[in-house]
Amino acid sequence: MNLIANVIISFLELMEAEGKVFKKNTENLVKECIWKFFGGLIVFVSAMIFLFVIYLYLKESYGIYIALISVASLMFVSGMTMIIKISKGKETLFQAEKLNDTPKETKDSKVL
């Protein structure tokens, strides 16, 4: 009977410890998502302002059609570049952690 009680108490202590780790990791994930969302929003707004200024300059200098074609081409090329870069660099969270945690072999030392 004492053994069963010890097993149950040990299991509950383990669940409490894992719960604390889960809570900490969830808080970090939410903070990171909020920072990335607002960072992405700022980048998006600044890119739109930049493209609008380029459009106004080109419209005054070369005409509306050249301005539209130039800005649309710039947006297309930058969008496709981002899509290609994202699709080539796909990796899961666990793969990224494994890549960061593994020691790298150098000329002077070898990984055991």
Side-chain angles (χ1 to χ4, degrees):
M1 192 67 163
N2 192 17
L3 179 66
I4 295 174
N6 285 336
V7 169
I8 292 173
I9 291 172
S10 298
F11 178 72
L12 292 176
E13 287 175 355
L14 176 65
M15 292 299 291
E16 180 185 2
E18 291 297 324
K20 289 178 184 177
V21 171
F22 178 73
K23 180 181 176 186
K24 179 184 161 218
N25 288 341
T26 304
E27 289 173 356
N28 290 339
L29 178 68
V30 169
K31 287 178 189 176
E32 186 175 333
C33 288
I34 290 172
W35 278 108
K36 286 187 179 186
F37 172 75
F38 285 113
L41 184 65
I42 291 170
V43 168
F44 176 75
V45 169
S46 63
M48 289 297 110
I49 292 171
F50 175 73
L51 290 172
F52 185 67
V53 169
I54 288 176
Y55 168 74
L56 290 177
Y57 173 75
L58 291 174
K59 184 175 125 180
E60 291 294 321
S61 299
Y62 299 105
I64 191 166
Y65 298 113
I66 299 296
L68 287 174
I69 289 172
S70 299
V71 171
S73 300
L74 184 63
M75 289 175 67
F76 178 76
V77 168
S78 63
M80 288 304 291
T81 303
M82 289 183 352
I83 290 171
I84 290 170
K85 184 134 178 110
I86 288 171
S87 63
K88 282 186 179 179
K90 271 192 175 175
E91 59 188 18
T92 64
L93 180 63
F94 297 112
Q95 289 173 339
E97 287 177 357
K98 286 180 185 175
L99 291 175
N100 291 336
D101 289 341
T102 55
K104 298 193 179 186
E105 186 175 334
T106 60
K107 291 180 182 177
D108 298 334
S109 65
K110 291 189 176 184
V111 177
L112 298 177

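As the structure is a prediction and not an experimental result, all values here were calculated from the model.
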List in chain and number order the residues that pass salt bridge (Lys or Arg N to Asp or Glu O under 4.0 Å) with K23, two or more places apart in sequence or in another chain; answer none if no residue qualifies.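 Result, salt bridge (Lys or Arg N to Asp or Glu O under 4.0 Å) vs K23: none returned.
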Would you give the length of the straight line joining atom SG of C33 to atom CZ of F37, rounded to the nearest 0.5 angstrom?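 Rounded to the nearest 0.5 Å, the SG-CZ separation comes out at 11.0 Å.
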Nearest 0.5 Å, what's the CG-CD1 distance between L58 and I54?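 If we round to the nearest 0.5 Å, L58:CG and I54:CD1 are 7.0 Å apart.
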L41, CG atom: more than 12 neighbouring heavy atoms under 6.0 Å: yes
Stepwise, does the side chain to side chain contact (heavy atoms under 4.5 Å, CB included) test hold for I34 with V30? CA-CA 6 Å; I34 290 172; V30 169; 3.9 Å; yes
K31 with E27: basic N within carboxylate O range, under 4.0 Å: no
Could you tell me whether the side chain of L51 reaches within less than 4.5 Å of the side chain of Y55, counting heavy atoms only? no
Pick one: which of V43, I42, I49 meets side chain to side chain contact (heavy atoms under 4.5 Å, CB included) with V45? I49
Name each donor-acceptor pair under 3.5 Å that joins a side chain in residues 63-83 to protein atoms two or more places apart or in another chain, with its distance.
residue: S70; atom: OG; partner: I66; partner atom: O; Å: 2.8
residue: S73; atom: OG; partner: I69; partner atom: O; Å: 2.7
residue: S78; atom: OG; partner: L74; partner atom: O; Å: 3.1
residue: S78; atom: OG; partner: M75; partner atom: O; Å: 3.1
residue: T81; atom: OG1; partner: V77; partner atom: O; Å: 2.7

